[in-house]
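Encoded as structure tokens, the structure appears first; notes follow it.
Side chains are part of it too, since the values below use all heavy atoms of this structure and drop only hydrogens, waters and symmetry mates. Note that the structure is predicted; figures quoted are calculated from it, not measured. Labels below follow one simple rule: chain letters A, B, ... track the order of the sequence lines, proteins then strands, and each chain is numbered from 1.
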2 protein chains.
Amino acid sequence: MTWRDPIEPFEKREPPRFDRPSVTVDVVILTLREGHLQALLVKRKEHPFLNYWSLPGGFVQINESLEEAALRVLRQKAGLEGRVGGAGREGLGQHPVYLEQLYTFGRPGRDPRGRVISVAYYALVEASHLQEIPEERMLFRLRLVEEEGRAEIFDGKHKRYSLAFDHGEILAVAIQRVRGKLGYTAIGFELLPERFTLRELQRVYETILQKKLNKDSFRRKMLASGLLQATGELEKGTGFRPAELYRFRREA
Amino acid sequence: MTWRDPIEPFEKREPPRFDRPSVTVDVVILTLREGHLQALLVKRKEHPFLNYWSLPGGFVQINESLEEAALRVLRQKAGLEGRVGGAGREGLGQHPVYLEQLYTFGRPGRDPRGRVISVAYYALVEASHLQEIPEERMLFRLRLVEEEGRAEIFDGKHKRYSLAFDHGEILAVAIQRVRGKLGYTAIGFELLPERFTLRELQRVYETILQKKLNKDSFRRKMLASGLLQATGELEKGTGFRPAELYRFRREA
DNA sequence: GCAATAGTGTCTATGAGACAGTATAGC
DNA sequence: GCTATACTGTCTCATAGACACTATTGC
């Protein structure tokens with residue numbers, strides 16, 4: 001193999017003075033509700049994609065990091081405080097929401113107004129933190145259309161809605177990322193309250209992976225993982241034998 | 001939980017006219033040589049970080065996608081043609097180099113000249129494709145300093161060199177990504193020539209993971225995976241019993 | 001008591017690791 | 001013949017799945 005092109009002069013590494021792309025962050029806010037994986041979306045009030053649903057997002061300010069921008073979007077658009085993890089440097093904090101960078105989308109033409117590069121994040125939120133959802137925001141059920149690399153959104157009555165920009169692709173990558181990470185990280189706990197039963201934890205896994213899991217081996221694996229701390233307490237008002245409540249051991 | 005901040009007005013989603021960050025791509029070009037994972041780096045010829053070693057990179061042009069920019073960097077700075085994979089939509093092509101988006105780095109201050117957001121990619125290259133390396137480019141051995149989330153670079157004589165910008169962190173994320181993906185994807189084949197022995201394949205895994213693997217179970221797992229196609233040919237000039245050569249079945 | 005789930009114990013199938021034994025190249 | 005590795009076969013151990021059995025709640 002030979003060097004096909006002349007080597008680019010180093011001078012070209014100087015930033016261009018014009019024609020810079022805009023940079024945004026978009027945040028996929030995921031939760032589990034009604035037995036489904038759901039995402040919080042915002043109804044657009046202007047062109048393009050007027051009245052389409054879109055990911056909460058915003059432009060990256062010149063002095064803020066990408067993570068700070070994503071946390072700001074979480075705070076301003078969903079009233080949530082975030083905690084940063086992911087990318088091999090899982091950070092811990094006291095905040096209730098798990099946040100991790102997802103992927104960066106930059107196809108020219110993805111925003112008809114001009115060149116916009118979007119650094120996508122995804123957040124995992126316990127459903128109880130999304131009680132009060134204001135006007136023009138809504139939680140949608142998600143359906144991954146694997147062959148096409150995009151997701152579709154539905155309301156509680158199975159009515160499908162339209163997504164703005166390439167946000168269907170971004171949602172698809174988010175779903176696939178969460179599914180993948182479920183296998184080798186403790187990401188599932190982020191969608192549950194502080195105390196939970198093994199049945200509830202298994203439901204989380206089954207909902208996200210969209211398949212039944214073996215109850216016995218799920219119990220064994222979870223209890224053997226050392227990630228769970230028994231509380232000694234039992235759930236209440238079940239109509240059947242109450243299960244023990246466990247806590248997630250963040251240290252492990 | 002309540003909505004702590006007023007909802008950001010939608011007007012704020014308009015792109016800012018000034019103070020836009022610059023966007024670059026940096027490419028971690030990885031190969032295996034001399035039994036080590038190595039990266040191709042470029043010696044800087046100007047301030048800041050004069051004479052430090054840096055990842056090959058360049059500014060994203062206003063009409064090109066991020067992938068196109070990364071492919072251009074590969075072509076112009078390493079004479080390589082790329083093939084795009086990754087992020088749940090593994091695309092295949094006829095090109096010899098595997099390329100996948102890694103992570104986006106945007107901390108303010110990471111480039112003292114101004115706000116620069118870098119979308120990092122990584123490429124896996126068979127060593128024979130990196131024979132002629134021109135002046136001011138060099139392959140370095142890598143050492144991951146796990147606790148600090150960065151990698152260090154060494155030449156063949158174990159002399160350590162300095163990395164520019166946050167490129168040590170980017171290298172660290174790349175190493176960790178490759179290690180991770182080795183477990184659940186067929187990424188290891190990208191670092192080998194078209195035909196290879198099981199021993200050579202195992203060496204790839206051991207070099208990247210930095211640990212000895214069990215030979216018997218490695219053979220069994222690989223042969224059972226359906227990813228290998230026996231060629232019937234044997235390697236030559238070994239000094240010991242020659243092993244069969246296999247090919248990677250891209251379709252599977 | 002009945003329904004529904006929690007939790008325990010055990011059997012089996014599968015895959016990984018360990019190791020023995022045979023095969024084949026260069027020297 | 002010697003050395004180094006390829007390749008085959010077998011045993012053991014750990015884990016996952018399956019299933020049987022008992023326990024505990026609300027009704």
*asked:* Once you apply a heavy-atom cut-off of 4.0 Å, does B:Lys236 come out as touching a base, just sugar-phosphate, or nothing?
replied: nothing
Distance, rounded to the nearest Å, where [X] contributes [atom1] and [N] contributes [atom2]:
X	N	atom1	atom2	result
A:Glu235	D:dG26	CD	P	11 Å
B:Leu245	C:dA25	CG	C1'	14 Å
B:Lys221	C:dT14	NZ	P	18 Å
B:Phe196	D:dT5	CZ	P	20 Å
B:Leu198	D:dT5	CG	C1'	12 Å
A:Met222	C:dG7	CE	P	15 Å
A:Asp216	D:dA14	CG	P	20 Å
B:Gln202	C:dG17	CD	C1'	13 Å

*asked:* Both A:Phe240 and A:Leu234 contact DNA chain C. Taking the nearest nucleotide for each, which residue is further toward the 5' end?
replied: A:Phe240
Can you see if the side chain of [X] gets near the phosphate of [N] - specifically, an N or O under 4.0 Å from OP1 or OP2?
X	N	result
A:Lys215	C:dA6	yes
B:Arg199	D:dT5	no
B:Arg219	D:dC7	yes
B:Ser217	C:dG17	yes

Is there side-chain contact between [X] and [Y], with at least one heavy-atom pair below 4.5 Å?
X	Y	value
B:Tyr246	B:Phe196	yes
B:Arg160	B:Arg143	no
B:Tyr122	B:Lys181	yes

*Minimum-distance nucleotide (side-chain atoms of A:Ala243 versus D:dA18, D:dT24, C:dA6)*: C:dA6
_Of the listed nucleotides (C:dC19, C:dT24, C:dT10), which one gets closest to any side-chain atom of A:Arg220?_
C:dT10
*Identify which one of B:Glu126, B:His129, B:Gln38, B:His36 satisfies the side-chain contact (heavy atoms from CB on, under 4.5 Å) criterion when paired with B:Thr31.*
B:Gln38
*asked:* If you assign each of A:Arg241 and A:Phe218 to its closest nucleotide in DNA chain D, which residue comes earlier from the 5' end?
replied: A:Phe218
_Both B:Leu223 and A:Pro242 contact DNA chain D. Which one's nearest nucleotide lies toward the 5' end?_
B:Leu223
*Let me see the working for A:Arg250 and A:Glu190 under salt bridge (charged side-chain N to carboxylate O under 4.0 Å, His left out), right down to the final yes or no.*
CA-CA 11 Å; A:Arg250 278 243 142 69; A:Glu190 307 292 349; 3.0 Å; yes
